[in-house]
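Below is one structure, written out as structure tokens; the observations come after it.
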Amino acid sequence: MLFSFVLVLSACTQLEEERGNSGIIVDDKVMGYEYTVTQDEKSFSWKVGYKGNITTMEESIVNKDDLENFIMAVGEGKFILSKLIISLSYFFIVVIIAFILYKKNRKTLKDSAIVLVLASMIALYIAIDASYDLSIELQDIKFHYLRLTTVSISK
């Protein structure tokens with residue numbers, strides 16, 4: 001078992017060496033903001049943008065923290081957006097179930113009304129909370145984006 005682990009580990013290492021040190025390392029986007037990190041020989045090149053307005057820059061000591069903050073903010077924004085979509089989907093599913101129960105039999109709806117109201121209130125609360133968090137996170141992303149593009153333009 002240990003031998004097979006060492007064999008797999010060495011195969012993964014060889015694959016990494018064969019690919020070389022160039023190409024796209026990571027890219028992501030949320031609500032119009034996007035970034036792409038590529039690696040050339042010994043440096044990292046970043047493309048950050050908003051709604052198609054792309055700025056390309058090389059990673060340096062001056063902008064490294066801002067670039068990392070931007071990548072973290074975009075990732076957090078994507079997570080919050082997915083949380084918002086899931087909670088709204090859950091809310092609409094509960095509303096559809098309530099509508100079906102109402103059409104089918106009003107007595108069944110009366111019996112399960114408390115559960116349906118509670119489930120819809122929880123989903124709505126999570127959606128409102130996620131919407132507020134997304135608004136704050138988009139302001140954070142915008143701050144880091146403007147900081148990056150202003151720093152790179154002023155050079």
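Note that these values count all heavy atoms, side chains included, but never hydrogens, waters or copies made by symmetry. FYI, the numbering just counts along the sequence from 1. Computed from a predicted structure; not experimentally measured.
- Between Val26 and Ile71, the closest side-chain pair of non-hydrogen atoms falls below 4.5 Å.
- We find the CD1-OH distance between Ile126 and Tyr90 to be 8.0 Å, quoted to the nearest 0.5 Å.
- Closest heavy-atom contact between Asp66 and Arg147: OD1-NE, 2.9 Å.
- Taking the six-membered ring where tryptophan is involved, the planes of Tyr35 and Phe70 are perpendicular, since the angle between them exceeds 60° and thus also 30°.
- Partner of Lys142 under the side-chain contact (heavy atoms from CB on, under 4.5 Å) criterion, chosen from Asp140, Leu138, Leu146: Leu146.
- In this structure, NZ on Lys78 lies 9.0 Å from NZ on Lys29, to the nearest 0.5 angstrom.
- Interatomic distance, CG of Leu84 versus CG of Leu134, reported as 6.5 Å (0.5 Å rounding).
- Summarising the geometry, atom CE belonging to Met31 is positioned 8.5 Å from atom NZ belonging to Lys51; distances are rounded to the nearest 0.5 Å.
- Between Leu67 and Val37 there is no side-chain heavy-atom pair separated by less than 4.5 Å.
- Cluster annotation: Val95 and Tyr125 are assigned to distinct hydrophobic clusters (Ile/Leu/Val/Met/Phe/Trp/Tyr, side-chain heavy-atom contacts under 4.5 Å, transitive).
- Residues Leu148 and Trp46 are not in side-chain contact: their nearest non-hydrogen atoms beyond the backbone lie 4.5 Å or more apart.
- Atoms CG and OG1, on Asp28 and Thr36 in that order, are 9.0 Å from each other to the nearest 0.5 Å.
- Residues His144 and Ala73 approach most closely at CD2-CB, 4.2 Å, considering heavy atoms.
- Under a hydrophobic clustering in which Ile, Leu, Val, Met, Phe, Trp and Tyr are joined whenever their side-chain heavy atoms come within less than 4.5 Å, directly or via other members, Leu81 and Met72 fall into the same cluster.
- In this pair, Tyr33 and Tyr145 present their aromatic rings perpendicular. The plane angle is above 60°, beyond the 30 to 60° band.
- Val115 and Ile93 fall into different hydrophobic clusters, where Ile, Leu, Val, Met, Phe, Trp and Tyr residues are linked whenever their side-chain heavy atoms come under 4.5 Å apart, directly or through other members.
- The backbone N or O of Lys83 sits less than 3.5 Å from a side-chain atom of Ser87, completing a donor-acceptor pair.
- At distances below 3.5 Å, not a single donor-acceptor pair connects side-chain atoms of Asn53 with backbone N or O atoms of Tyr50.
- Ile54 places a side-chain heavy atom less than 4.5 Å from the side chain of Glu34.
- The two residues Ser120 and Phe91 come nearest to each other via the heavy atoms O-CD1, 3.5 Å.
- Note on Tyr102 and Leu116: same hydrophobic cluster, where clusters join Ile, Leu, Val, Met, Phe, Trp and Tyr whose side-chain heavy atoms are under 4.5 Å apart, directly or indirectly.
- Ile85 and Val74 fall within the same hydrophobic cluster, defined by Ile, Leu, Val, Met, Phe, Trp and Tyr side-chain heavy atoms under 4.5 Å apart, directly or through other members.
- Note that CD1 of Ile136 and CD1 of Ile80 are 8.5 Å apart. Values are rounded to the nearest 0.5 Å.
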